[in-house]
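The first residue in the sequence is number 1, and the count goes up from there. Quick caveat, the model's predicted, so the values are computed rather than measured.
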Amino acid sequence: MEDQKPDDFKRELGLLDGTMLVVGSMIGSGIFIVSSDMVRQLGSAGWLIAMWVLTGVITVIAAVSYGELSAMFPTAGGQYVYIKEAYGKLVGFLYGWSFFAVIQTGTIAAVGVAFAKFAAYLYAPLSDKNILYEIGDFKLNAAQIVSIFTIILLSYVNSRGVKNSKILQTVLTVIKIVSLAGLIIFGFIAADATVWDANWANAWTAQSLNVDAGEWLPISGVALISGISAAFVGSQFSSVAWEGVTFIAGEIKNPKRNVGLSLFLGTLLVSVIYILANVMYLAVVPLYEIATAESDRVAVVASQQIFGSVGTLIIAVMIMISTFACNNGLIMAGARVYYTMAQDGLFFKKAAQLNKASVPAWSIWAQCIWASALCLTGKYGDLLDFVVIIVLIFYILTILGIFILRKKMPNAERPYKAFGYPVLPALYILISSAICLALLYTKPTTCGWGVLIMLIGIPVYYLTKAKE
């Protein structure tokens with residue numbers, strides 16, 4: 001009966017719920033913010049759209065590759081299970097350790113911080129400029145309190161059962177898709193031909209913005225590679241967390257079919273929305289204004305051009321709904337990983353228990369406490385660098401796992417096979433590996449810390465193993 005443990009969950013989620021979890025977890029705050037920094041790094045319309053297209057293509061390739069694994073192992077824990085089956089318990093533990101220490105909790109913290117950033121538009125005292133308490137270098141601001149409050153609230157909702165969080169996720173995600181589609185459509189209606197032509201005049205001339213001097217500097221060679229990798233952090237962060245649906249496979253009806261299909265439909269839909277949103281930005285906002293948007297809120301600048309002064313409030317409400325739904329999905333999915341790890345003896349024993357509502361409440365609250373602590377540590381940008389490098393490393397390892405498992409388990413049932421195997425999965429591994437190396441080279445401090453935290457998991461694994 002050992003293999004049946006994950007099925008103590010209730011299978012209450014259908015294909016729509018799975019797809020909405022993918023979409024809802026992916027679309028957080030990134031699409032409304034990161035394009036500003038991307039334009040500062042690369043300074044051209046062509047490069048901006050190219051980065052979003054590249055991100056979309058490799059995200060969909062990764063998602064359809066995961067389909068093979070999700071059909072082979074249709075149980076709770078998803079990506080953790082795939083890594084453990086391909087590489088053994090140590091690498092499985094390293095993923096789970098990184099997932100708890102950095103990936104899921106860091107993403108929840110960054111999305112919570114973004115929620116607070118836009119809540120301050122509706123009520124200024126909620127801003128991060130409102131310092132409530134100060135001791136030495138540490139400053140506690142109102143935005144941090146808001147972000148922590150939302151994480152606690154959503155953790156409570158999720159601890160009460162999957163049905164409540166499922167309804168909340170689907171309703172908020174539908175609102176999010178409709179409002180983003182509306183913004184894009186109204187943006188194209190309000191498009192300014194002069195702005196569009198000027199933005200595309202030198203579409204492939206890469207340049208970086210010297211913000212202090214207010215001038216563009218042409219870049220090439222190493223500077224261009226640096227700019228591409230820095231820009232890619234933004235688009236990649238906006239496109240992570242789609243694998244969350246694999247973590248809750250134990251609660252999905254017909255998981256062998258629906259998990260893979262949810263991954264494909266969700267990532268494709270989000271990638272198309274992201275590319276269209278950026279084309280819309282270029283149709284209504286001059287490049288320099290995209291690059292210098294206050295607090296990087298490029299969507300606010302675009303919305304003001306489209307709707308006038310009320311545009312700021314429209315975007316603020318949209319982003320608050322978007323980030324709230326995003327964190328609901330992340331909190332729901334993340335706890336299932338710690339539950340499965342605990343079942344394997346690789347996490348605190350209490351995490352292996354389900355409560356009366358058939359959800360891993362202890363895991364939800366442990367995740368809540370650590371994510372709340374991370375809200376107190378850093379700025380949005382630092383949290384992004386921190387998370388993206390680790391996410392990419394484990395995406396690469398998981399997709400490489402498809403090749404390993406084909407050798408290791410040649411006769412295993414594979415109801416679905418990775419699309420374009422071996423070419424597309426190999427292409428993903430090559431592109432993502434190049435991006436990881438570029439990130440470590442150009443952002444050694446933040447990305448380096450992320451990698452260091454992951455590697456600390458090795459001695460932790462052996463120390464905890466010795467105690468068993």
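Residue Trp216 places its CH2 atom among more than 12 non-hydrogen atoms of other residues, nucleotides or ligands, all under 6.0 Å distant. Atom CZ of Phe419 is surrounded by 12 or fewer heavy atoms from other residues, nucleotides or ligands within 6.0 Å. Shown here is Phe186, whose CZ atom has no more than 12 heavy atoms of other residues, nucleotides or ligands within 6.0 Å. Enclosure of atom NZ in Lys417 is not indicated, since only 12 or fewer non-hydrogen atoms of other residues, nucleotides or ligands lie within 6.0 angstrom. With a 6.0 Å radius and a threshold of 12 heavy atoms from other residues, nucleotides or ligands, Phe149 has its CZ atom at or below the threshold. In Trp200, the CH2 atom is crowded: over 12 heavy atoms of neighbouring residues, nucleotides or ligands sit closer than 6.0 Å.
Glu85 places none of its side-chain heavy atoms less than 4.5 Å from the side chain of Met72. Within the 4.5 Å cutoff, the side chain of Val259 has no heavy atoms near those of the Pro74 side chain. Residues Val300 and Phe32 are not in side-chain contact: their nearest non-hydrogen atoms beyond the backbone lie 4.5 Å or more apart. The closest side-chain heavy-atom distance from Phe99 to Gln79 is not below 4.5 Å. Taking the side chain as every heavy atom from C-beta outward, Met20 and Leu16 approach each other to under 4.5 Å. Taking 4.5 Å as the limit, every side-chain heavy atom of Val240 sits out of range of all side-chain heavy atoms of Leu392. Proximity of Leu282 to Ile290: side-chain heavy atoms (C-beta onward) are separated by under 4.5 Å at one or more points. Two residues are said to be in side-chain contact when any heavy atoms from C-beta on lie closer than 4.5 Å; Leu265 and Leu269 fail this criterion.
A donor-acceptor pair is defined here as one N or O able to donate and one able to accept, closer than 3.5 Å; no such pair exists between the side chain of Lys253 and the backbone of Gly14. A donor-acceptor pair is defined here as one N or O able to donate and one able to accept, closer than 3.5 Å; no such pair exists between the side chain of Gln41 and the backbone of Ala231. No donor-acceptor distance shorter than 3.5 angstrom exists from the side chain of Glu68 to the backbone of Arg414, with no hydrogens or angles considered. Not a single donor-acceptor pair under 3.5 Å links the side chain of Arg297 to the backbone N or O of Ala293. Remark: the backbone N or O of Phe264 is paired with a side-chain donor or acceptor of Thr267 at under 3.5 angstrom. Not a single donor-acceptor pair under 3.5 Å links the side chain of Asn141 to the backbone N or O of Ser127. Between the side chain of Ser432 and the backbone N or O of Ile429 there is no donor-acceptor pair closer than 3.5 Å. Not one N or O on the side chain of Ser36 forms a donor-acceptor pair closer than 3.5 Å with the backbone of Ile33. Side chain of Ser147 to main chain of Gln144: a donor-acceptor pair is present (N/O by atom type, distance under 3.5 Å, no hydrogens or angles). A distance-only check finds a donor-acceptor pair linking the side chain of Lys408 to the backbone of Ala86 [under 3.5 Å].
Between Val233 and Val388, the closest heavy-atom pair is O-CG2, 3.8 Å. Minimum heavy-atom separation, Val387 to Val102: CG2-O, 3.7 Å. When all heavy atoms of Ala230 and Asp37 are compared, the closest pair comes out as O-OD2, 4.4 Å. Taking all atoms of both residues into account, the shortest heavy-atom contact from Gly227 to Leu42 is C-CD2, 3.8 Å. Residues Tyr274 and Gly28 come closest through the heavy atom pair OH-N, 4.4 Å. Scanning all heavy atoms of the two residues, the minimum distance from Leu172 to Ala325 falls at CB-CB, 3.5 Å.
By the 30° and 60° cut-offs, the orientation of the rings of Tyr95 relative to Phe247 is tilted.
Within the structure, every pair that satisfies the side chain to side chain donor-acceptor pair (under 3.5 Å) test and touches residues 178-198, not counting sequence neighbours, is listed here: Asp192-Thr194.
A donor atom on one side chain and an acceptor atom on the other are not found under 3.5 Å apart for Tyr421 and Arg406. There is no side-chain donor-acceptor pair under 3.5 Å between Gln207 and Ser44.
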Test side chain to side chain contact (heavy atoms under 4.5 Å, CB included) on Ile58 and Leu54 and set out the steps.
CA-CA 6 Å; Ile58 68 169; Leu54 174 67; 4.1 Å; yes
Step by step, work out the side chain to side chain contact (heavy atoms under 4.5 Å, CB included) result for Leu261 and Thr19.
CA-CA 8 Å; Leu261 207 46; Thr19 306; over 6 Å; no
Starting from the C-alpha separation in whole Å, work towards a yes-or-no answer on side chain to side chain contact (heavy atoms under 4.5 Å, CB included) for Tyr82 and Glu243.
CA-CA 12 Å; Tyr82 315 154; Glu243 72 279 11; over 6 Å; no
Please report the C-alpha distance between Lys176 and Cys326 in whole Å, then the side-chain angles of each, then the deciding distance to 0.1 Å, and finally whether the side chain to side chain contact (heavy atoms under 4.5 Å, CB included) criterion is met.
CA-CA 10 Å; Lys176 188 187 324 196; Cys326 179; 4.2 Å; yes
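Between Ser155 atom OG and Ile364 atom CD1 the span is 7.0 Å, to the nearest 0.5 Å. Taking CG of Asn328 as the start and CG of Leu168 as the end, the distance is 4.5 Å to the nearest 0.5 Å. To the nearest 0.5 Å, the span separating CD1 on Ile435 from CD1 on Ile393 amounts to 12.5 Å. Separation of atoms CZ (Phe232) and CG (Leu439) is listed at 8.5 Å; rounding is to 0.5 Å. Atom OG of Ser208 sits about 10.0 Å away from atom CD of Glu215, to the nearest 0.5 Å. Rounded to the nearest 0.5 angstrom, Ile27 CD1 and Ile319 CD1 are separated by 12.0 Å.
For Phe188, the ring pair (Phe, Tyr, Trp, His ring centres under 6.0 Å) test picks out no residue, with sequence neighbours left out. Partners of Trp242 by ring pair (Phe, Tyr, Trp, His ring centres under 6.0 Å), not counting sequence neighbours, listed by chain and number: Tyr66, Tyr395.
Between Lys166 and Glu251, no side-chain nitrogen of the basic residue sits less than 4.0 Å from a carboxylate oxygen of the acidic one, so the salt-bridge criterion is not met. For Asp296 and Arg40, the salt-bridge test passes: some basic side-chain N is under 4.0 Å from an acidic carboxylate O.
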